[in-house]
Every structure is written in structure tokens, then in C-alpha cells.
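Working notes for the structure below.
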Amino acid sequence: MPCEIADFLDLVAQLPEVGSADAQSWTRFDVSGRAFGYLWPRTCTVGLKQTIVEQLALVAERPDVFEVQFTSGGFGWVVVYLERIERDELAELTFEAWRLTAPESLVDLRGDELPS
């Protein structure tokens with residue numbers, strides 16, 4: 001079943017200490033003041049922080065679902081088309097983006113529990 005914006009918002013809400021800030025055309029999601037995701041409602045897409053290796057693998061494997069957004073500081077951000085991804089995969093990618101960004105103590109406290 002393809003995802004909708006509500007699915008992404010539900011997954012993000014299950015992660016600890018997530019903040020958000022609305023801009024004119026997007027919403028930024030952060031943990032401890034550091035961004036891990038963006039939502040663009042108009043295009044029904046999200047941008048998620050990943051490793052560069054994961055960014056390249058996702059885009060190469062399924063360019064209809066993912067596209068390169070940018071790279072920064074050793075990380076590769078991907079654009080995800082929500083209507084082309086299943087919720088369980090979106091949960092994994094959202095969790096990984098959060099985990100790459102959250103303080104180690106918070107990651108340790110959360111463990112490997114994915115949002116559902």
C-alpha cells in the first residue's frame with residue numbers, strides 16, 4: 001500500500017524528541033536542533049538523511065522512487081516519492097535518518113525499535 005503524508009507524519013511522531021518547523025512550502029523535522037527530514041506537501045515527497053552509500057544504492061536501484069537531493073558532511077539526502085513506497089520501508093528510512101542525526105544517548109535509549 002503506497003504511503004501518504006499522514007503515514008510519514010505518524011512515523012515521525014513515534015520518534016523521541018522530534019521537533020518541526022514550518023516554512024512556506026515545506027516542513028523541517030529535527031532532533032536536538034539538527035535536521036533529519038523535510039516534507040513537501042505540494043509534491044507529496046520527503047527528503048531524508050542517509051549515508052552516501054545508501055543514497056547512491058537507493059537511487060540506482062529504484063530511480064522511480066528515490067532521487068538524489070544533495071550531499072553534505074558525509075551524508076547523502078534522498079527525495080522519496082511517498083506514493084511509490086510502502087510504509088515499512090518508509091519507516092526504516094525515516095528511523096535511519098533520525099538515528100544518523102540524534103545524540104548517541106538518545107539512540108541508545110531507543111535501541112533498534114522502528115516506528116510502525
Side-chain angles (χ1 to χ4, degrees):
M1 177 75 87
C3 289
E4 297 177 355
I5 290 171
D7 292 298
F8 177 71
L9 294 174
D10 181 52
L11 294 169
V12 169
Q14 295 176 50
L15 296 170
E17 298 188 26
V18 170
S20 65
D22 291 325
Q24 185 172 350
S25 60
W26 46 269
T27 301
R28 175 186 188 261
F29 295 90
D30 64 71
V31 59
S32 297
R34 295 172 48 207
F36 70 88
Y38 292 87
L39 168 66
W40 294 276
R42 186 181 59 78
T43 58
C44 202
T45 58
V46 297
L48 294 170
K49 184 180 194 178
Q50 300 294 304
T51 65
I52 292 175
V53 170
E54 184 69 10
Q55 174 202 48
L56 296 175
L58 289 167
V59 173
E61 183 179 303
R62 295 177 32 225
D64 59 317
V65 179
F66 305 103
E67 67 182 56
V68 172
Q69 185 176 12
F70 65 92
T71 58
S72 176
F75 295 100
W77 289 71
V78 294
V79 173
V80 182
Y81 289 86
L82 292 175
E83 71 274 3
R84 300 178 192 163
I85 192 168
E86 300 292 322
R87 185 178 169 112
D88 60 339
E89 186 177 16
L90 181 61
E92 290 178 29
L93 294 171
T94 302
F95 179 66
E96 184 61 21
W98 175 87
R99 187 167 52 185
L100 288 169
T101 310
E104 187 176 337
S105 60
L106 194 55
V107 172
D108 290 344
L109 186 64
R110 176 69 184 208
D112 292 329
E113 181 187 347
L114 292 173
S116 56

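- Taking the six-membered ring where tryptophan is involved, the planes of Phe70 and Trp77 are essentially parallel, since the angle between them stays under 30° and well short of 60°.
- Considering every non-hydrogen atom in both Gln50 and Gln55, the closest pair reads CB-N, 4.3 Å.
- Put simply, NZ on Lys49 and CG on Asp30 are 11.0 Å apart, with the number rounded to the nearest 0.5 Å.
- Under the side chain to side chain donor-acceptor pair (under 3.5 Å) criterion, the residue pairs touching residues 9-19 are Asp10-Gln14, Asp10-Arg87, with sequence neighbours excluded.
- The two residues Pro16 and Val31 have their closest heavy-atom pair at O-CG2, 4.0 Å.
- When the side chains of ILVMFWY residues are joined at heavy-atom separations under 4.5 Å, either directly or via intervening members, Val79 and Leu58 end up in two distinct hydrophobic clusters.
- Contact record, Pro41 with Trp26: CD-CA, 4.4 Å, taken as the closest heavy-atom pair.
- You'll find the side chain of Leu9 reaches within 4.5 Å of the side chain of Leu39, heavy atoms only.
- Both Leu15 and Leu114 are assigned to one and the same hydrophobic cluster, defined by single-linkage of ILVMFWY side chains at heavy-atom distances under 4.5 Å.
- Between Leu82 and Leu90 there is a side-chain heavy-atom pair separated by less than 4.5 Å.
- Annotation: the span from Asp88 atom CG to Met1 atom CE amounts to 12.5 Å, rounded to 0.5 Å.
- Side-chain heavy atoms closer than 4.5 Å link hydrophobic residues (I, L, V, M, F, W, Y) into clusters, and following such links, even through other members, never connects Tyr38 to Ile5.
- Of the inter-residue distances, the one linking Glu89 atom CD with Arg62 atom CZ reads 4.0 Å to the nearest 0.5 angstrom.
- Scanning both residues, Pro2 and Glu83, for their nearest heavy atoms gives CB-O, 3.1 Å.
- Residues Phe36 and Leu100 are not in side-chain contact: their nearest non-hydrogen atoms beyond the backbone lie 4.5 Å or more apart.
- For the pair Val59 and Glu67, the tightest heavy-atom approach, listed with the atom from each and the gap, is CG2-C, 3.7 Å.
- Using a 4.5 Å cut-off between side-chain heavy atoms of Ile, Leu, Val, Met, Phe, Trp and Tyr, with links allowed through other members, Phe66 and Tyr81 fall into different hydrophobic clusters.
- Residues Ile52 and Gly76 come closest through the heavy atom pair CG1-N, 3.6 Å.
- Between Ile85 and Leu93 the shortest side-chain heavy-atom distance falls below 4.5 Å.
- Screening residues 107-116 for side chain to side chain donor-acceptor pair (under 3.5 Å) gives Arg99-Asp112 as the qualifying pairs, with residues at least two apart or on separate chains.
- Between the OG1 atom of Thr101 and the CZ atom of Phe75 there is a distance of 7.0 Å, given to the nearest 0.5 Å.
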Go through Leu11 and Trp98 one step at a time and tell me if the side chain to side chain contact (heavy atoms under 4.5 Å, CB included) criterion holds.
CA-CA 11 Å; Leu11 294 169; Trp98 175 87; over 6 Å; no

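- Put simply, Val12 and Phe95 are part of the same group of oily side chains (I, L, V, M, F, W, Y) that touch within less than 4.5 Å, one to the next.
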